[in-house]
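Taking it in order: structure first as structure tokens, then the write-up.
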Amino acid sequence: MKKRYITTAIPYVNGSPHIGHAMDYCLADVCARYYRACGDEVKFQIGTDEHGNKIFQKAKELNIPVQEYVDKNSEKFKSFVEKLGVSYTDFVRTTSSKHEEYVRRIWQKLSNHIYKDKYEGWYCTGCERYITEKEYEENDGVCPDHQKPYEKLKEENYYYRVADFKEQIRKAIESDKMLILPDFRKKEILRLLEETPDVSISRPTSQLTWGVTVPGDETQVMYVWMDALANYITVLGYPEEDISDWWPATAQFVGKDILRFHTILWPAILMGLGLPLPKTVVSHGMVLSNGQKMSKTIGNVVEPIEVIDKYGLEAFRYYFLRHVDTFADADFTWEKYSEAYNNELANDLGNLVQRLATLAQKNNVRIDKIDDMVFSDEYVRLMDECKYARAFDLVWEKIQNLNKRIDDEKPWSLAKNGEVDQLNQCMQSLINDLLLANYELSPFLPGTAEKIKGVFAGDEVMPPESPLFPKG
RNA sequence: CGUGGGGUAGAGCAGCCUGGUAGCUCGUUUGGCUCAUAACCAAAAGGUCGUUGGUUCAAAUCCAACCCCCACAACCA
């Protein structure tokens with residue numbers, strides 16, 4: 001039995017959960033359930049990122065204490081994750097005292113690679129952030145959002161010497177010791193790595209207070225990424241406990257926009273601590289809405305809760321795991337969603353279960369239990385490569401194939417002609433194959449798989465009381 | 001000359017690495033079946049594979065140039 005550790009990106013809690021978070025959770029959940037089905041022991045982390053200026057300001061705007069604000073939002077994410085049926089084992093919060101203490105200790109362990117330096121650049125007091133030189137030129141020195149001229153600011157920050165590890169990181173990526181999926185992202189990161197400068201990992205308290213104070217320097221607070229990335233190991237108990245049972249992680253799931261932090265800065269931190277790198281970093285794509293990126297300004301944001309409420313959780317998981325490519329961007333439209341639900345879940349699968357169950361029940365067919373549930377080789381290959389949408393296609397092929405076989409083998413005419421033995425044999429074989437497909441379905445749609453199992457579990461086959469997927 | 005991805009039937013995509021008569025799902029049309037959620041099965045129609053050139057007996061696939069779309073480069077997954 002292997003021990004495996006799977007992680008998700010911890011969302012920044014200045015907003016509500018959206019569909020992108022759901023994507024991350026669902027993929028990681030499939031991975032976790034798959035390995036559990038293989039007999040492995042799985043630790044599965046979820047959490048929330050709760051420090052930083054934006055959160056601080058948002059709480060101020062709402063006129064509530066910051067801690068109260070993050071408590072409330074973190075809770076929102078937690079209940080969202082539960083609504084998605086995500087089988088996590090650990091929930092980490094970056095404002096927990098344990099995390100904060102561990103992060104400070106991690107910082108101290110890294111001190112050989114940390115140095116202080118001056119930073120000088122253009123700053124917008126409206127946006128409260130530094131802007132790039134290029135941006136400065138494009139906007140002629142005036143912030144377009146705030147109509148204020150940029151100011152030249154100077155501050156002292158701590159820097160992490162990524163340069164110390166660049167060569168090792170490059171080797172790890174090239175050799176797939178830390179496998180980046182998909183391959184084209186790997187190429188992108190390798191290129192990016194070359195030009196990555198040392199990273200500023202703190203901010204003066206004059207600018208940012210809501211964060212973890214730098215050990216031994218009350219005037220500086222850790223930059224959010226430093227704090228956030230560490231969650232993957234602080235939740236395991238690092239540096240207090242020995243984490244070698246669980247670390248390195250089997251797979252870390254992240255959105256493509258934050259891949260760079262996880263494949264450059266994060267490995268550099270791990271190397272600084274003398275820890276191994278994660279085995280795999282999976283970068284998934286974005287969910288588009290009518291072909292465009294979801295954005296509040298355009299007003300095309302699709303609320304995940306709304307989508308779940310439309311046809312239920314299983315339908316939600318179905319769509320985002322099968323019709324949204326694991327690695328590339330994919331589109332969501334309500335039309336496609338209901339098409340997938342009605343044509344595929346209801347007609348293909350729901351109806352298949354119904355017809356087999358009814359046939360078995362009407363003709364008193366008894367089903368011998370199959371004890372050995374196995375995944376097909378091709379399925380295992382795809383799942384191990386995290387090509388979940390493809391693996392799901394494979395399962396669906398089996399389901400469609402069963403509908404074909406029922407038509408070919410015509411069990412109803414066997415029944416009419418009183419060919420009992422042949423009927424039993426035929427039904428047994430069909431139901432066996434359905435249950436095998438159902439087994440492969442279970443990491444994707446655990447609820448549905450459970451129900452289907454129940455239909456054929458007893459001595460007598462009991463068709464579902466209500467359709468698995470009522471048409472809508 | 002920033003980096004990366006994409007351009008294949010009405011729509012969404014696979015195939016490209018490892019060249020060899022162009023494939024899947026949905027939709028459309030026609031036929032079949034009746035166990036089933038008017039579900040299921042079969043057949044047909046529909047594409048000069050972004051453009052141009054090159055390599056080759058042979059290019060969607062390899063090479064070159066160009067055109068168009070998208071994402072990232074700034075803490076919206």
Side-chain angles (χ1 to χ4, degrees), chain A residues 8-12 14-25 27 49 51-55 124 127 129-132 134-135 182-192 194-195 223-225 228 253-261 283-288 291-297 301 322-323 325 327-331 333 335-336 339-340 342-363 389-390 393 396-397 400 402-416 423 427 430 463-464 466-472:
Chain A
T8 57
I10 55 173
Y12 199 61
N14 67 339
S16 296
H18 67 69
I19 242 143
H21 303 118
M23 195 61 204
D24 202 53
Y25 294 142
L27 289 170
D49 181 9
H51 286 130
N53 239 338
K54 286 203 171 161
I55 283 170
C124 172
C127 308
R129 68 179 178 92
Y130 283 95
I131 55 143
T132 59
K134 197 175 168 188
E135 201 175 359
D183 195 58
F184 63 80
R185 292 287 169 218
K186 169 178 162 181
K187 279 190 282 180
E188 192 178 352
I189 293 295
L190 278 172
R191 184 150 243 153
L192 209 63
E194 298 301 322
E195 55 204 48
Y223 178 50
V224 282
W225 273 109
F253 289 85
V254 301
K256 67 173 184 187
D257 53 335
I258 54 169
L259 179 66
R260 63 192 53 200
F261 296 103
S283 152
H284 62 254
M286 303 287 187
V287 179
L288 308 177
Q292 280 180 308
K293 185 168 176 169
M294 289 186 203
S295 114
K296 285 178 189 160
T297 355
V301 175
R322 173 137 192 257
H323 290 300
D325 185 280
F327 305 121
D329 292 351
D331 202 22
T333 65
E335 201 188 353
K336 280 186 200 172
E339 218 166 65
N342 285 307
N343 290 331
E344 296 166 27
L345 275 177
N347 292 351
D348 287 347
L349 180 58
N351 182 49
L352 170 68
V353 171
Q354 195 70 39
R355 61 198 300 215
L356 275 178
T358 310
L359 273 167
Q361 191 194 35
K362 277 189 184 168
N363 300 297
R390 291 276 152 275
D393 281 344
W396 217 258
E397 237 171 69
Q400 288 176 317
L402 277 163
N403 272 320
K404 242 169 249 183
R405 274 182 56 200
I406 297 178
D407 271 60
D408 287 347
E409 297 174 19
K410 302 183 179 32
W412 59 89
S413 41
L414 294 176
K416 253 182 217 156
L423 174 67
M427 289 300 294
L430 288 167
S466 55
L468 244 38
F469 302 103
K471 289 267 215 164

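First the proteins, then the strands, lettered A, B, ... as listed; each starts at 1.
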On a whole-Å scale, what distance lies between the [atom1] atoms belonging to [N] and [M]?
| N | M | atom1 | value |
| --- | --- | --- | --- |
| B/G6 | B/C16 | P | 13 Å |
| B/C67 | B/C1 | C1' | 16 Å |
| B/G5 | B/C24 | C1' | 22 Å |
| B/A39 | B/G50 | C1' | 41 Å |
| B/C17 | B/C63 | C1' | 15 Å |
| B/A9 | B/A22 | C1' | 10 Å |
| B/U28 | B/U55 | C1' | 42 Å |
| B/A14 | B/U8 | P | 11 Å |

Are [X] and [Y] close enough that some pair of their side-chain heavy atoms sits under 4.5 Å apart?
| X | Y | value |
| --- | --- | --- |
| A/H323 | A/E344 | yes |
| A/Q354 | A/L468 | no |
| A/K471 | A/N347 | yes |
| A/R355 | A/N403 | yes |
| A/W412 | A/I406 | yes |
| A/E409 | A/L414 | no |

Describe the nucleic acid contact of [X] in one word from base, sugar-phosphate, nothing, applying a heavy-atom distance below 4.0 Å.
| X | result |
| --- | --- |
| A/G350 | base |
| A/M23 | nothing |
| A/V254 | nothing |
| A/D393 | nothing |
| A/A9 | nothing |
| A/L468 | base |
| A/K404 | sugar-phosphate |
| A/G15 | nothing |
| A/N351 | base |
| A/G20 | base |

Strictly by Watson-Crick or wobble contacts shorter than 3.5 Å, is anything paired with [N], and which nucleotide is it?
| N | result |
| --- | --- |
| B/C72 | B/G2 |
| B/A44 | B/U28 |
| B/U61 | none |
| B/C49 | none |
| B/U34 | none |

Let me know the distance between [atom1] of [X] and [atom2] of [N], rounded to the nearest Å.
| X | N | atom1 | atom2 | answer |
| --- | --- | --- | --- | --- |
| A/F184 | B/C16 | CZ | P | 16 Å |
| A/D348 | B/C24 | CG | C1' | 14 Å |
| A/N363 | B/A36 | CG | P | 10 Å |
| A/R390 | B/G15 | CZ | C1' | 11 Å |
| A/I258 | B/A73 | CD1 | P | 12 Å |
| A/L352 | B/A36 | CG | C1' | 9 Å |
| A/E397 | B/C24 | CD | P | 11 Å |
| A/F327 | B/A14 | CZ | C1' | 15 Å |

Which nucleotide in [options] has an atom nearest any side-chain atom of [X]:
| X | options | answer |
| --- | --- | --- |
| A/D329 | B/A71, B/C35, B/C40 | B/A71 |
| A/E188 | B/U3, B/C75, B/C26 | B/U3 |
| A/N343 | B/C35, B/U37, B/C26 | B/C26 |
| A/Y223 | B/C35, B/U37, B/C75 | B/C75 |
| A/K256 | B/G27, B/A71, B/A36 | B/A71 |
| A/N403 | B/C40, B/G5, B/A36 | B/C40 |
| A/T358 | B/U34, B/C75, B/A36 | B/A36 |
| A/R191 | B/G4, B/C75, B/C35 | B/G4 |
| A/D407 | B/C72, B/C41, B/A39 | B/C41 |

Salt bridge present between A/D407 and A/K404 (N-O < 4.0 angstrom):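 Result for this pair is no, no salt bridge flagged.
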
A/K336/A/E339 ion pair, N-O < 4.0 Å: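 Salt bridge absent between A/K336 and A/E339.
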
Any [X] side-chain nitrogen or oxygen under 4.0 Å from OP1 or OP2 of [N]:
| X | N | value |
| --- | --- | --- |
| A/R185 | B/G4 | no |
| A/N347 | B/C40 | yes |
| A/K410 | B/C41 | no |

When the nearest nucleotide of RNA chain B is assigned to A/P467 and to A/K54 on a heavy-atom basis, which residue is associated with the more 5' position?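 The 5'-side residue here is A/P467.
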
Between A/S16 and A/E195, which residue's closest nucleotide on RNA chain B lies nearer the 5′ terminus?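 Going by which nucleotide is closer to the 5' end, it is A/E195.
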
More than 12 heavy atoms from other groups under 6.0 Å of CD on A/E335: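 For A/E335, atom CD is not crowded (no more than 12 foreign heavy atoms under 6.0 Å).
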
